[in-house]
Amino acid sequence: MRNLLPLIGSHPGGRSALTCRYRCGDACFQDIPNTSDNEYAGDVIAGALSRRSMMRAAAVVTVAAAAGTAALAGPVAPSAQAAPLAGRHGGKPGPGTSGARGLRFAPVAPNTADAVTVPEGYGQNVVIRWGEPILRGAPAFDPDKQSAKAQAGQFGYNNDFLSLLPLRGERGRQVLVANHEYTDEILMFRGYDPANPTREQVEIAWAAHGLSVVVVQEENRTGKLGPVSRHPLNRRLTATSEFEVTGPAAGSPLLRTSADRTGRKVLGTLNNCAGGTTPWGTTLHGEENFNQYFANGSSATDKRYGIGTAATERKWERFDKRFDLAQEPNEAHRFGWVVELDPYDPDSTPRKRTALGRFKHEAAQPRLTADGRPVVYMGDDERFDYFYKFVSSKRMKKGNSRAAREHNLTLLDEGTLYVAKLTGDSPTAELDGTGKLPADGEFDGSGVWIPLATGTTSHVPGMTAEEVYVFTRLAGDKVGATKMDRPEDVEPSPRTGRVYIALTNNTDRGKAGKPGADEANPRNANKHGQVLELAEHWDDPAGDGFAWRLFLVAGDPEDPATYFSGFPKEKVSPISCPDNVAFDDHGNLWISTDGNQLGSHDGLFGVATQGERRGELKQFLTVPKGAETCGPLIQDRRVLVAVQHPGEVDGASVEKPASTWPDGPGKIVRPSVVAVWRKDGGDIGV
């Protein structure tokens, strides 16, 4: 038996201290915002309703209520599976052809190479880098001649969520939309003084946040992509662009400031992490760690959202009073929303959708009900916070007519916001905090969706509807929602409708004064995280109940605490800290990691969710030193990833780079988007 892979670093989240400092404001070292008495899944279990005999972990398990619900079954028999979607492109099978369809590649071994490492037989290119000009008049990037005006026309910093949308009438072109989550000024500016940033540096950082829309052109015969500079659809939205507030909380006194007495116009979007692509052709962008940008918080609601009482790391409050809550106490309420963008209309104003609630949105990915109403699943990326969904009251109109598009741009303003409460089905005595499976062979249970608000009607005693939307975390506290281990990206399977939730980690679980393991979060000092699989009752995403189980319990496969849906663990890749997730056309789930604690750089993994190979997990790539894998996007012929914060390790700076990626020695380290494809032109993993 090989030795367990070594742990690296001392930071509780697995990232470097530098990353935590600039990405989330050292959230892991702050007091946990959720001090409610809400329980964890499995904390209150009256006892198993029925005891099942010991079964192998991959056996079929059914969770059903007497009234009848949808079941979460085990592996789907081959005869019951939908036929695999055929790829559009040919090509002989590539190396490493064993595996589930879409995962037939030789897995990349864990490594610490300062490069994007891909499987044998695959090629790659950098699609676009931080600072590349995308708007007319924007200059070429020069790290020693940066300006706010230039950056506002250039691709932003620290790309995260990615979406590729079709572009009719322009052969070989697509519309790339990217989030720019945060800036790391130490790696952006020579001689940066964190205690005394200049106005120019601050304004460059404002311009480097936000969103980019850029048309990309594919190269014939390969999967390469490159930007089409100065295309009419190209666009930058920054921390100073105008956004419209819509939905039931728009105009609320809680959203009004001295600069906006209407409560309907906000300057900027901040800390955009993951997101989603809607069936009607727009993109959704989650505002996550917005709390770190605001100084001098004082209220209980500020504290619940992790807003500090002192100065901020970036000192923006010195240059704009809206970042000083002592002067503008409502400004922070205008962040923490899901933003909807129409990439096809460069003159449109993006909208902050208040009906979807305010918290640290990691992502927002919709699916449709049988009658065409969108349902959006959302995680609140904080230790011990909650998982939500929004069910629209309106049906999507099909087609691309002006009337259809205008109607569909109202879908996320009316509906019901819910929060999840999970219960396990095994006795608490069987949950010892080590990750050992309970006697029934799986971590599983049932759950209910608790309504919080519908339009102007609150379902939370003691809170108005406006308060529910603006202070959604407090509403979840009041109704007894289930605390989770950092709910991050969420994706419904386009094949089965099952919903997959990445729970990245939670090293505080089981510490003194903090709750211990439960069935949904089965390990104390949880360094590696897990992926939860959820099935709505009757496969109805608008329903009020669900079944759930853990699909993966991450870590080194040699560790008895890990679990891969019963697939033989000697045949899977080690994985740690699942973060962003996506699906391919074959029904495989792709998982990117953030903060790998197994001695390897972060990477991208594919895992089968159906059939005899359910749980087969293979590593597809790794990213350079200090980087995180973000925004995975899986197409027939290519995989895209956002390589975020390369070289962001403790002690690094522009003068002392820790990485030479992507342009080699002597060049500044630049976050970038990378495309990977098969060299023979075949489909990925086929």
Side-chain angles (χ1 to χ4, degrees), residues 8 15-19 21-23 108 111-118 123-134 138-160 178 180-194 197-198 200-205 207-209 212 214 216 219 224-227 229 600-603 621-630 640-676:
I8 58 173
R15 305 168 179 158
S16 73
L18 185 61
T19 298
R21 177 178 168 187
Y22 282 97
R23 181 178 180 179
V108 168
N111 67 81
T112 56
D114 188 26
V116 174
T117 305
V118 300
Q124 61 175 289
N125 82 296
V126 174
V127 178
I128 190 167
R129 299 161 172 80
W130 162 49
E132 289 194 33
I134 62 174
F141 179 70
D142 184 337
D144 295 317
K145 295 181 179 179
Q146 297 184 59
S147 71
K149 181 179 179 181
Q151 178 64 84
Q154 297 167 334
F155 194 68
Y157 198 78
N158 269 343
N159 32 222
D160 197 301
H180 300 294
E181 186 174 6
Y182 71 100
T183 49
D184 186 334
E185 286 76 356
I186 287 178
L187 300 183
M188 293 172 66
F189 307 119
R190 296 187 190 277
Y192 180 71
D193 180 0
T198 67
E200 182 70 5
Q201 289 169 336
V202 167
E203 291 183 354
I204 291 169
H209 277 73
S212 286
V214 56
V216 291
E219 181 181 283
K224 287 184 179 180
L225 288 175
S229 298
S600 173
H601 287 174
D602 279 314
L621 60 75
T622 55
V623 292
K625 185 176 181 179
E628 173 190 346
T629 320
C630 296
L640 264 71
V641 292
V643 179
Q644 192 185 84
H645 60 76
E648 195 172 58
V649 300
D650 299 341
S653 65
V654 173
E655 294 80 6
K656 297 179 181 179
S659 170
T660 62
W661 191 87
D663 297 318
K667 303 290 186 180
I668 194 168
V669 181
R670 297 165 74 179
S672 305
V673 177
V674 171
V676 182

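Bear in mind that the values here come from a model prediction, so they are computed numbers and not experimental data.
Judged purely by atom type and a 3.5 angstrom limit, E185 has no side-chain atom pairing as donor or acceptor with the backbone of P194. Side-chain atoms of E200 come within 3.5 Å of backbone atoms of A148 as a donor-acceptor pair (strictly under, hydrogens ignored). The main-chain N or O of L225 is found under 3.5 Å from a side-chain atom of N125 such that the two form a donor-acceptor pair. A donor-acceptor contact shorter than 3.5 Å links the side chain of T629 to the backbone of G603. A donor-acceptor contact shorter than 3.5 Å is absent between the side chain of H180 and the backbone of A208. A donor-acceptor contact shorter than 3.5 Å links the side chain of Q146 to the backbone of M188. In this structure a side-chain-to-backbone donor-acceptor pair under 3.5 Å is present from D114 to K625. Between the side chain of N158 and the backbone N or O of Q644 there is no donor-acceptor pair closer than 3.5 Å. In this structure, E628 contributes its side chain and H645 its backbone to no donor-acceptor pair below 3.5 Å.
Closest of all the heavy-atom pairs between I204 and S147 is CG1-C, 3.5 Å. Between A627 and V623, the shortest heavy-atom distance links the atoms O-CG2, 3.7 Å. For the residue pair R129 and S672, the shortest heavy atom distance occurs at CG-OG, 3.3 Å. Residues A652 and A658 approach most closely at CB-CB, 3.9 Å, considering heavy atoms. Nearest heavy atom pair, residue P139 against residue A150, reads CG-CB, 3.6 Å. Annotation for V216 and P227: closest pair CG1-CA, 4.2 Å, computed over non-hydrogen atoms.
Distance CZ/R190 to OG/S653: 9.5 Å, rounded to 0.5 Å. Taking CG of D602 as the reference point, atom CG of L621 lies at 10.5 Å (rounded to 0.5 Å).
Residues W661 and V126 meet the side-chain proximity criterion, which asks for heavy atoms closer than 4.5 Å. In this structure the side chain of P662 never reaches within 4.5 angstrom of the side chain of K667, judged on heavy atoms. Side-chain contact check for F189 versus T198: every heavy-atom pair is 4.5 Å or farther apart. L187 is not listed as a side-chain neighbour of V669, based on a closest heavy-atom distance of 4.5 Å or more. Annotation: side chain of P143 is not in contact with side chain of V654 (no heavy-atom distance under 4.5 Å). Residues C630 and V641 form no side-chain contact, since every pair of their non-hydrogen atoms from C-beta on lies 4.5 Å or further apart.
For Q124, the side-chain hydrogen bond (donor to acceptor under 3.5 Å, both in side chains) test picks out no residue, with sequence neighbours left out. By the ring-ring contact (aromatic ring centres under 6.0 Å, His included) test, W130 pairs with F141, Y157, sequence neighbours left out. Taking S229 as the reference, nothing meets the side-chain hydrogen bond (donor to acceptor under 3.5 Å, both in side chains) condition, with sequence neighbours excluded.
For the side-chain contact (heavy atoms from CB on, under 4.5 Å) with N159, the qualifying choice from I128, V127, V673 is V673, the only one to do so.
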